[in-house]
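Structure first, then comments.
Atom set for the values below is all heavy atoms of this structure, side chains included, hydrogens, waters and symmetry mates excluded. Proteins come first, then strands; the chains are lettered A, B, ... in the order of their sequence lines, and each starts at number 1.
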Amino acid sequence: NSLINACVRCGRLDKAVSVFQEMKGSGFAPNVVTYTSLVEGLGRAGKLAEAERLFSEMRRQGQDPNSRTFNAMIRAYGDNGRLDRALSVFESMEGEGCAPDAYTYNMVIHMYGREGRVEAAEAVLAQMQEQGCHPDRVTYNTLMTAYTKGGHYDKAVQVLQMMRKSGVAPDLYSYSILLDACAKTCSLQHAIKIFDDLRNSGLHPNVVVYTAMMNAYGRAGDIDGAEEIWREMKMAGCVPS
RNA sequence: UGACCCAUUUAAUC
């Protein structure tokens, strides 16, 4: 399984499949982890029919999909422009006796956000909470992205506050999402405020945050400010990308 | 029953 997964992660689906064949040929029964890795690999390669086939085959082999398998299948469809299919797999989970986990909800929220369907994303968040699944950092960050991409900066900031209130500490993703939004709308003053919050949080900015912040200065026409960030970044030992 | 062990989700620039 580790080898198959390594192949999948490196984009070598062909090798993953041949290891899978070898595995079966030498009498080792693939388990749920094996199938999940392959579904993921097939999804990345856009081979949806093949992924679906394994998704069915595993049940016949007595390996029922678990939440991670469903997640891999949902992502396979979602990343290949089949939101409709992704959603039907998502909706089938309950009936299959598999409860969606935070990853599941987070992915679905992300997919709706990417389509600009902010209200649908909010509905999934509500559903998540109804099911007793607690939103985590990724949930909040994903929702913030949905808002900023939809031009609702204020709502994104509200999410940051909601996040803190729920005891989930914002991370570098949270800040970079807001900084990027400020940069894209040339709201330098907001960006400066967010960057200040970040410093006070005790987190150390990384290259993504610095890049977004330089962008905020740059787009606002403040070259000196941008250079100042650049110097700070190098001083902090942060390597440019 | 639980923990651990192999597989899943979010940000900038290009």
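Not a single ring pair (Phe, Tyr, Trp, His ring centres under 6.0 Å) links A:Tyr173 to another residue, sequence neighbours left out. Applying the side-chain contact (heavy atoms from CB on, under 4.5 Å) criterion to A:Asn1, with sequence neighbours excluded, gives A:Met23, A:Asn31, A:Val33, A:Thr34.
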Which nucleotides of nucleotides 7-14 of chain B have their base under 4.0 Å from a protein heavy atom (B), which only their sugar-phosphate (S), and which neither (-), written as one string 5' to 3'? BBBBBBB-
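A salt bridge links A:Lys24 with A:Glu57; the closest basic N to acidic carboxylate O contact falls under 4.0 Å. The existence of a salt bridge linking A:Glu227 and A:Lys234 is excluded, since no basic side-chain nitrogen approaches an acidic carboxylate oxygen closer than 4.0 Å. Ion pairing of A:Glu96 with A:Arg59 is present here, as a side-chain N (NZ or NE/NH1/NH2) and a carboxylate O approach within less than 4.0 Å.
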